[in-house]
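The structure under discussion appears below in the form of C-alpha cells.
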Amino acid sequence: MEVDLLGMTMTTFDSGREGLIDLLQGIRKGDIQLPDFQRGWVWDDEHVRSLLASISLSYPIGAVMMLHTGNPDVKFKTRIVEGLQLSTLPEADRLILDGQQRLTSLFQALNTEKPVLTRDIRGREIQRWYYIDIEAALNPYSDREDAIISVPETRQVKNFRGEITEDYSTPDKEYENGLFPISQVFDCSSWREGHQEFWDYDRDKIKLFSQFEREIVKRFDKYQVPVISLGRETPKEAVCQVFEKVNTGGVSLTVFELLTATFAAEDYLLRQDWEQRQAQLNHFQMLHGIASTDFLQALTLVASQERRRLAISGGTVAEKAPGVTCKRKDILKLTLEEYKTWANAVTSGFQETAKFLHGQKIFTARDIPYKTQLVPLTAIFTLLGDKAQNHGIRLKLAQWYWCGVFGELYGSAIESRFAKDLPEVLAWAEGGSKPDTVATANFTSGRLLGLRTRNSAAYKGIYALLLQDGGPDFCSGIPIDEQVYFDDKVDIHHIFPKDWCKKQGLDVKRYDSAVNKTPISARTNRKISSKSPGTYLPILQKSADISDDQMESILYDHLIDPDTLRQDDFERFFRTRESALLDRISGVMGKSISREGISSIDYSLFSSDWHPFLKSLSELDGLAIASGSNIDEDTDGSYFAVVARGERIIHLVDGNMPSAVATKSVLEQSSSTVLLVTHQEPEVGLASVIFALQETTEQDSVVPITDDTELPNEKREPKVDFRQLCVNRLSSELGLTLLPETRTGYVSVDNSVAVICTISKNYQVSGHDSYWFAFHPSQKEFLQRYPKSYVALGCGAPEHIVLLPFQELVSWLDDFWTTEKEDRSYWHIRVHKKNGLLELDRKKGLGRLDVTSYSLSSNYR
C-alpha cells in the first residue's frame with residue numbers, strides 16, 4: 001500500500017493472518033521481541049480472562065502490528081516478552097509495535113507453564129493460573145467469561161480464616177472439578193489421558209471432553225490473528241509516529257470496534273454506516289453527545305424485546321423466554337440481520353427522543369439531566385411507533401421521564417434499569433401498571449440544598465421545568481424559548497447574588513443551592529452584578545420600561561415571591577421558593593413530596609462559634625435545628641441548640657459552660673434528652689447526636705440472651721431484618737453457622753469464632769456516604785473471650801459489610817473519638833465512602849484509615 005508519510009511516498013505495510021500458535025512460538029524462540037520504548041506489561045486479571053474467553057469463542061481480538069528488523073538506520077534496543085527466559089538473546093526478526101498486552105497475556109497463560117504475573121482490581125501484583133470450566137464453557141446460555149477461572153499461584157482458594165475452600169493443586173483435583181488448565185491447550189493429550197483414567201474411562205466423561213476438545217480447545221489451535229507488518233525500509237521517524245498513534249496502551253477494544261470486526265467478516269462496513277447515522281442525529285443539538293455505544297445499546301434493547309415477544313407469542317412461557325437486555329456481551333451477540341432490521345427504526349427513535357426533549361424545554365446536550373436515559377427512551381419510541389403521538393401515552397412518558405430525573409435513578413446499574421424500563425413502560429402505555437421507575441422514584445425536600453451545580457441531574461431538571469413555565473427574562477420580559485436561549489446566552493444564575501450573600505454572612509449551602517438560582521440572560525446577569533434584589537429590580541424595570549405588575553408576573557413565573565426580593569428578605573424568599581419548587585417537582589412526578597424539615601434549620605446559629613458543628617449536623621437528612629434559650633433564672637443555664645427528628649428531641653448543652661451539669665440536670669427532670677458537647681471535639685458531638693436519634697440504639701446494646709430473659713413478644717421471634725441479613729451473609733462468607741449470644745454478639749457452633757455485628761443507615765455528610773457505629777467496652781470484652789473474632793459493620797445494606805479482625809480494631813481504638821457518660825461509654829467508628837474507598841475517621845491530625853480491603857464487596861479471589 002502506498003501512502004505519503006512524513007512527506008515521503010513509500011510502501012508502508014502489508015497485512016495478513018498468522019496462527020496464534022505460530023506467533024507464540026516466535027515469541028518463545030526470541031524471533032519476536034519488543035522495542036525498548038514499549039511500556040511494560042500492565043494488563044490485569046480481568047483483562048486476561050476476557051481475552052482468553054474471546055479466543056475460546058473465536059472472537060476477533062484485533063490486529064497486531066509488527067516491524068521487520070534489518071534496516072541499519074532503524075536500530076532500537078530490544079527486549080524479550082515478559083515471562084520468557086532465554087540464556088542468550090538472539091537477534092529479533094520482528095518487533096511488536098501494537099498488541100503487546102494481548103500477545104504477552106496469551107504467551108504467559110498458554111506457553112510458559114508458570115503462573116501469569118498480573119494485577120488485581122486495585123493494581124496490586126498477583127500471580128494467577130487460568131482454567132476453563134468444561135461444563136460451563138459448553139453451556140450455550142453461560143457467559144464465557146464466567147467459564148474462565150483464575151486461581152492463585154498455589155492453585156488453592158482460601159477464605160478469611162485461611163481455610164482452603166477450592167483446591168486444584170494436583171491433576172486429580174483438576175479432573176474431579178472439571179477444570180482444564182489453559183496452559184495445556186496446545187497439547188492436551190496427557191491431560192486427556194489422565195482425565196479418562198481418573199474417571200475410570202466413564203463413557204459420558206470421555207464424550208464430554210471430546211466435545212470440549214472439539215468445540216473449545218481446537219479454537220486455540222486454529223485461531224488466526226490479523227498481522228500488519230511494516231517493511232524493513234520504514235524509516236525510524238515513521239515507526240515512532242505510527243507507534244504513538246496506533247498503540248492502544250492496554251485499553252480493551254470498545255464494543256463498537258468488536259462488532260465492526262464481526263460484521264466485516266460479512267462484508268458490512270459498520271463504521272461507515274454509523275458515521276452516516278451520526279450525521280443525521282447531529283442535526284439535533286441535544287443528540288450531539290450520542291455515541292456509537294448508545295446507539296448499539298438502544299438497538300440491542302429493541303432487538304432483545306422483539307426476540308422475547310416473538311418467543312412468548314410462539315408459546316414459550318415467560319420464565320423461559322429470552323430476556324430484555326443491552327449489556328456489552330449481549331450487544332456482541334447482535335446479528336447483522338438484526339442490525340439491518342432495526343437500525344433505521346432506532347435512528348428515527350432517537351430523532352423522536354430529541355423532539356420529546358425539545359417539548360420538555362431541553363435544548364442542548366449540555367442540559368440533558370441523564371444522557372443515559374435517552375437509551376431506554378429511544379427504545380420506547382422505536383417500539384411504540386405512531387402510538388407515541390397519543391396524548392395520554394405522551395403524558396405517561398413525561399411522568400416516567402421526570403421520575404427518572406428527580407428520582408436520580410440513572411446514575412448507576414443503568415443496564416438493568418434499561419431492561420426493566422422498556423417492557424414496563426410499553427405495558428403501561430397499553431393500560432398496565434406503573435413501571436418501577438415511576439413507582440419507586442422519590443424526591444426528598446432536603447435534596448434541594450444539595451443541588452448546586454450542573455453535575456446533578458435534578459439540578460438540570462429544575463431549570464427545564466422553569467423554562468416550561470415561560471420564565472421570562474428579568475430585563476427583556478421575553479419568555480425564554482429556544483430562540484432567546486441561544487441568542488441571549490441564557491444560563492443559570494443567582495437570584496440573590498453570591499457576593500451580596502457572602503457579605504451578609506449567609507450559609508453557602510443555601511445561597512448556592514438551586515433554590516437561589518434561575519435562568520437569566522447573560523446581559524441581565526451583568527446588570528444585576530453584586531447588587532441586592534431590592535436594588536437591582538428598580539434598575540432593571542427602569543432600563544426595560546417594565547411596570548411593577550409586569551415584573552411581579554415575571555417573578556411569579558420563576559416561582560419567586562416578588563415582595564421577598566424587593567425587601568431583600570432572603571429567609572422568607574428561600575422558604576417560599578423552596579416550597580414552590582417542591583410543588584412543581586411533585587407535579588411532574590405525579591406524586592407527593594414529604595415536606596418534613598423544610599426550612600426547619602435556624603441558620604442564624606451559623607454565625608456562632610458552633611458554626612462548623614451545626615453546619616455538619618444540618619447536612620443530615622430530616623433534622624430540625626433551632627436555637628436554644630435560658631432554662632430558668634436560678635441556674636443561669638442555657639442550651640445552645642435543640643435538634644429534632646420526628647418525635648425525638650435532643651437539647652445540646654455546651655459542656656465547657658460552668659453551668660453545663662446543672663443545666664443538664666434541670667432539662668432531664670422534664671424528661672428531655674440532653675447531650676453535653678464541646679467545641680474541641682465536634683466529631684464526637686455529631687456522632688452522639690446521630691446515636692441518640694437512632695431508633696436502633698437499644699438493639700445495639702450488648703445484653704446477654706438467656707432462657708429466662710424477658711423480651712417483648714415481638715422480640716422473641718424477631719422478623720428477618722437488616723442485622724439478621726448481615727449475619728446470614730457473614731455465615732456464608734466465613735463458612736460457618738453463627739448463633740446469637742447477645743443482642744449484637746454471635747458465636748460459631750464450635751465456639752471458635754465470635755462476631756459483633758453492628759449496623760448503620762446511610763448518612764449523607766458533605767455529599768458523601770457515611771456510616772456511624774458505637775463500639776462498647778462490653779463488646780470488646782465479649783470478643784476477647786474467643787480465639788478468633790471480628791467486628792462486622794453493616795453499611796446501609798447486607799451487600800456492604802466491612803469485616804474487621806478484632807485484633808486489628810483493638811490496635812486502632814486509641815485513635816477514635818470516644819463518648820464518656822455516667823452510665824456508659826463507647827468508641828465512635830465512622831466509615832466514610834469516597835471515590836470508591838472506605839475509610840475510618842480518626843482524631844484530628846491522624847488522617848483517615850483505608851479499610852477498603854476489609855469490605856466483603858471486594859474481590860478476594
ask   = Between Phe220 and Tyr223, does the ring centroid distance fall short of 6.0 Å?
value =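 No.
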ask   = Looking at Tyr175 versus Trp199, is the centre-to-centre ring distance below 6.0 Å?
value =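 Ring-ring flag for Tyr175/Trp199: false, centres at least 6.0 Å apart.
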message = Going by the rule side chain to side chain donor-acceptor pair (under 3.5 Å), which residues pair with Trp342 if we only count those two or more places apart in sequence or in a different chain?
response =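 For Trp342, no residue satisfies side chain to side chain donor-acceptor pair (under 3.5 Å) once neighbours in sequence are set aside.
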task = Go through the structure and list residues passing side chain to side chain donor-acceptor pair (under 3.5 Å) with Arg308, not counting sequence neighbours.
result =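 Side chain to side chain donor-acceptor pair (under 3.5 Å) check on Arg308 returns nothing, list empty.
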So [Y] and [X], do their side chains get closer than 4.5 Å, heavy atoms only?
X: Met65; Y: Ile96; value: no
X: Ile149; Y: Ile132; value: no
X: Leu138; Y: Leu208; value: yes
X: Ser183; Y: Glu113; value: yes
X: Pro90; Y: Gln33; value: yes
X: Tyr130; Y: Asp45; value: yes
X: Asp93; Y: Ile32; value: no
X: Val151; Y: Leu179; value: no

[Y] and [X] side chains, donor-acceptor separation under 3.5 Å:
X: Tyr339; Y: Asp273; value: yes
X: Glu145; Y: Ser50; value: yes
X: Thr353; Y: Thr378; value: yes
X: Arg128; Y: Thr118; value: no
X: Tyr131; Y: Arg155; value: yes
X: Ser169; Y: Asp167; value: yes

inquiry  = Could you walk me through whether Gln280 and Gln351 satisfy the side chain to side chain contact (heavy atoms under 4.5 Å, CB included) test, starting with their C-alpha distance in whole Å, then the side-chain angles of each, then the deciding distance to 0.1 Å, before giving a yes or no?
reply    = CA-CA 9 Å; Gln280 289 179 264; Gln351 293 169 337; 4.2 Å; yes
With a 3.5 Å distance limit and no angle check, can you tell me whether [X] reaches the backbone of [Y] through a side-chain donor-acceptor pair?
X: Glu275; Y: Gln272; value: no
X: Glu174; Y: Pro181; value: no
X: Thr69; Y: Ala92; value: yes
X: Ser304; Y: Leu301; value: yes
X: His288; Y: Ala365; value: no
X: Asn177; Y: Lys173; value: yes
X: Thr316; Y: Ala311; value: yes

If you look at every heavy atom in [X] and [Y], which pair is closest and at what distance?
X: Cys188; Y: Glu213; value: SG-OE2, 3.3 Å
X: Gly349; Y: Thr382; value: CA-OG1, 3.6 Å
X: Arg277; Y: Ala343; value: NH2-CB, 3.3 Å
X: Tyr410; Y: Thr372; value: O-OG1, 3.1 Å
X: Gln305; Y: Leu426; value: NE2-CD1, 4.0 Å
X: Ala298; Y: Val346; value: CB-CG1, 4.0 Å

Working for side chain to side chain contact (heavy atoms under 4.5 Å, CB included), residues Leu103 and Phe107 = CA-CA 6 Å; Leu103 291 178; Phe107 177 74; over 6 Å; no
query = Among Lys218, Gln224, Arg219, whose side chain to side chain contact (heavy atoms under 4.5 Å, CB included) with Ser58 holds?
reply =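 Filter result, single survivor: Arg219.
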From Leu67, Val64, Ile27, Val227, residue fulfilling side chain to side chain contact (heavy atoms under 4.5 Å, CB included) relative to Arg94 =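 The side chain to side chain contact (heavy atoms under 4.5 Å, CB included) with Arg94 is passed solely by Val227 among Leu67, Val64, Ile27, Val227.
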Straight-line distance of [X] [atom1] to [Y] [atom2], nearest 0.5 Å:
X: Thr325; Y: Asp330; atom1: OG1; atom2: CG; result: 3.5 Å
X: Glu415; Y: Ile331; atom1: CD; atom2: CD1; result: 8.0 Å
X: Ile216; Y: Gln211; atom1: CD1; atom2: CD; result: 8.5 Å
X: Lys158; Y: Glu163; atom1: NZ; atom2: CD; result: 10.5 Å
X: Leu422; Y: Phe418; atom1: CG; atom2: CZ; result: 11.0 Å
X: Ser56; Y: Glu215; atom1: OG; atom2: CD; result: 11.5 Å

For the pair [X] and [Y], find out whether any cationic side-chain nitrogen is under 4.0 Å from an anionic carboxylate oxygen.
X: Lys371; Y: Asp294; value: yes
X: Arg49; Y: Glu46; value: no
X: Glu733; Y: Arg729; value: yes

request  = Check the pair Met66, Leu23 against side chain to side chain contact (heavy atoms under 4.5 Å, CB included), reporting the backbone distance first and the verdict last.
outcome  = CA-CA 11 Å; Met66 296 195 185; Leu23 286 173; 3.8 Å; yes
ask   = In terms of heavy-atom contacts, does NZ of Lys114 have more than 12 from other residues, nucleotides or ligands at under 6.0 Å?
value =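 Buried by this count: over 12 neighbours within 6.0 Å.
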key: ring pair (Phe, Tyr, Trp, His ring centres under 6.0 Å) partner of His195, chosen from Tyr201, Phe212, Phe209   =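 Testing His195 for a ring pair (Phe, Tyr, Trp, His ring centres under 6.0 Å) against Tyr201, Phe212, Phe209 leaves exactly one candidate, Phe209.
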query = What's the verdict on side chain to side chain contact (heavy atoms under 4.5 Å, CB included) for Val225 and Glu18, showing C-alpha distance, side-chain angles and the deciding distance?
reply = CA-CA 5 Å; Val225 180; Glu18 293 185 37; 5.6 Å; no
